[in-house]
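One structure below.
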2 protein chains.
Amino acid sequence: MESNIAIKRLSALAQPSRLAVFRLLVKAGPEGVAAGEIARLLGITSNTLSAQLNVLTNAGLISSQRDGRSIIYAANYDGMSELLVYLMEDCCQGHPEVCAPLSIAASRAACCDQPQGALS
Amino acid sequence: MESNIAIKRLSALAQPSRLAVFRLLVKAGPEGVAAGEIARLLGITSNTLSAQLNVLTNAGLISSQRDGRSIIYAANYDGMSELLVYLMEDCCQGHPEVCAPLSIAASRAACCDQPQGALS
DNA sequence: TCCATATTTCAACGATTATGGAATTATTGG
DNA sequence: CCAATAATTCCATAATCGTTGAAATATGGA
């Protein structure tokens with residue numbers, strides 16, 4: 001992952017409305033939520049939300065798909081995953097003991113009951 | 001973790017110089033790096049760097065300690081860990097299959113060879 | 001005390017960004 | 001084709017942010 005893409009994603013998430021939108025979509029799962037409903041749920045005007053959705057999309061954090069008159073937005077889990085990897089990837093250079101808590105936190109925060117054998 | 005703190009940390013990291021500083025300190029480990037050396041390594045003027053270090057400090061991502069004439073900065077791994085947990089904490093509400101790759105990525109990116117039994 | 005080094009603070013400029021009103025495009029149903 | 005709904009684009013304004021020169025503070029050594 002390139003630095004400028006990481007910046008783009010961090011910038012996209014570093015704004016209250018966009019972070020709320022992203023977390024809403026993360027919670028909503030792969031089915032996604034229509035733009036209008038996002039606006040209603042978060043109390044944002046539609047044109048402002050449109051700009052925010054555009055930023056998140058350009059950052060590769062969400063994707064969209066038309067469904068009739070609505071456009072459905074969904075979180076891009078791969079994009080989020082890449083960012084997390086980027087933020088953590090240099091944490092152990094010569095100091096594995098330092099970021100052990102980080103590793104544990106990541107494992108615990110990530111999915112509820114994943115089999116630990118999943119990591120090759 | 002509160003939303004505004006997450007925003008503060010994401011904002012702090014969402015800037016090229018600051019992300020570079022943070023990753024440098026993450027790589028450097030707990031011994032840290034003096035402000036002047038950070039400036040030299042990254043080619044940033046000292047006053048600009050001082051402002052950046054202040055932002056990272058206020059976000060709880062780094063901490064400092066005087067050593068003679070120099071001030072040594074070091075990454076705050078706990079602060080980073082909290083942010084990662086916050087970003088991931090809602091990813092599995094009813095859809096564990098979706099964020100399994102994220103969990104695997106987190107485990108793989110985090111420390112090199114941590115014993116898997118470390119997670120309770 | 002005086003000087004050099006290390007870092008921070010202050011003030012100001014230029015650039016970027018978030019926001020909302022108004023107009024525009026796209027889709028559905030009558 | 002026309003009206004209604006859904007979302008986006010355009011434009012202007014206000015606010016925030018990064019950067020730098022210059023001055024100020026803190027420490028160590030002579």
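Naming: A, B, ... by sequence-line order, numbering from 1 per chain.
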Checklist outcome for this item: Closest of D:dG28, C:dT7, D:dA7 to the B:Arg69 side chain is D:dG28

Next on the checklist: For B:Ile71 and A:Asp67, find the nucleotide of DNA chain C closest to each by heavy atoms; which residue's nucleotide sits nearer the 5' end?
Outcome noted: B:Ile71

Item to check | Close side-chain approach of B:Tyr77 to B:Glu82, heavy-atom, < 4.5 Å | outcome: no

Checklist entry - A:Glu37 CD to D:dA6 P: how many Å, rounded? => result 11 Å

Next on the checklist: Rounding to an integer number of Å, can you tell me how far B:Gln65 CD sits from C:dA6 C1'?
Outcome noted: 16 Å

Checklist entry - Just how far, in rounded Å, is P of C:dT9 from CG of B:Leu53? => result 11 Å

Item to check | Among D:dT20, C:dG21, C:dA18, the nucleotide that comes nearest once only the side chain of A:Asn47 is considered | outcome: C:dG21

Next on the checklist: I want to verify a distance call: between C:dT27, C:dT7, D:dA26, whose nearest atom is closest to the B:Tyr73 side chain?
Outcome noted: C:dT7

Checklist entry - Hey, does B:Ser70 reach any base, or is it just sugar-phosphate, or nothing, if we go heavy atoms under 4.0 Å? => result sugar-phosphate

Next on the checklist: As a test of reading the structure: which of D:dT8, C:dA18, D:dT19 is closest to the side chain of A:Arg18, going by heavy atoms?
Outcome noted: C:dA18

Next on the checklist: Which nucleotide wins on minimum distance to the side chain of A:Arg66, given the candidates C:dG20, C:dA26, C:dT7?
Outcome noted: C:dA26

Next on the checklist: Whole angstroms only, please: what is the CD1-P distance between A:Ile7 and C:dT17?
Outcome noted: 12 Å

Next on the checklist: Quick check: do A:Asn76 and A:Leu25 have side-chain heavy atoms less than 4.5 Å from each other?
Outcome noted: no

Item to check | Atom-to-atom span, CG of B:Leu13 to P of D:dC17 - whole angstrom | outcome: 15 Å

Checklist outcome for this item: Atom CG of B:Asn58 and atom P of C:dT9 are separated, to the nearest Å, by 10 Å

Item to check | Distance, rounded to the nearest Å, where A:Ile44 contributes CD1 and D:dA7 contributes C1' | outcome: 14 Å

Checklist entry - Which nucleotide sits closest to the side chain of A:Gln52: C:dT8, D:dA7, C:dA18? => result C:dA18

Checklist entry - What nucleic acid atoms does A:Ala34 come within less than 4.0 Å of, heavy atoms only: base, sugar-phosphate, or nothing? => result sugar-phosphate

Checklist outcome for this item: With the side chain defined as heavy atoms from C-beta on, A:Ser50 is closest, among D:dT8, D:dG18, D:dA7, to D:dT8

Checklist entry - Which nucleotide in the set C:dT19, C:dT7, D:dT8 lies at the smallest distance from any side-chain heavy atom of A:Gln15? => result C:dT19

Item to check | Side chain proximity check, B:Leu87 to A:Leu13, heavy atoms < 4.5 angstrom | outcome: yes

Checklist entry - Are A:Arg9 and A:Tyr86 in a cation-pi setup, meaning NZ or CZ lies under 6.0 angstrom from the ring centre and within 45 degrees of the ring axis? => result no

Next on the checklist: Is any side-chain heavy atom of A:Tyr73 closer than 4.5 Å to one of A:Ile71?
Outcome noted: yes

Next on the checklist: Does C:dG20 have OP1 or OP2 under 4.0 Å away from a side-chain N or O of A:Thr48?
Outcome noted: yes

Next on the checklist: Without decimals, in angstroms, what is the distance between A:Leu41 CG and D:dA6 C1'?
Outcome noted: 16 Å

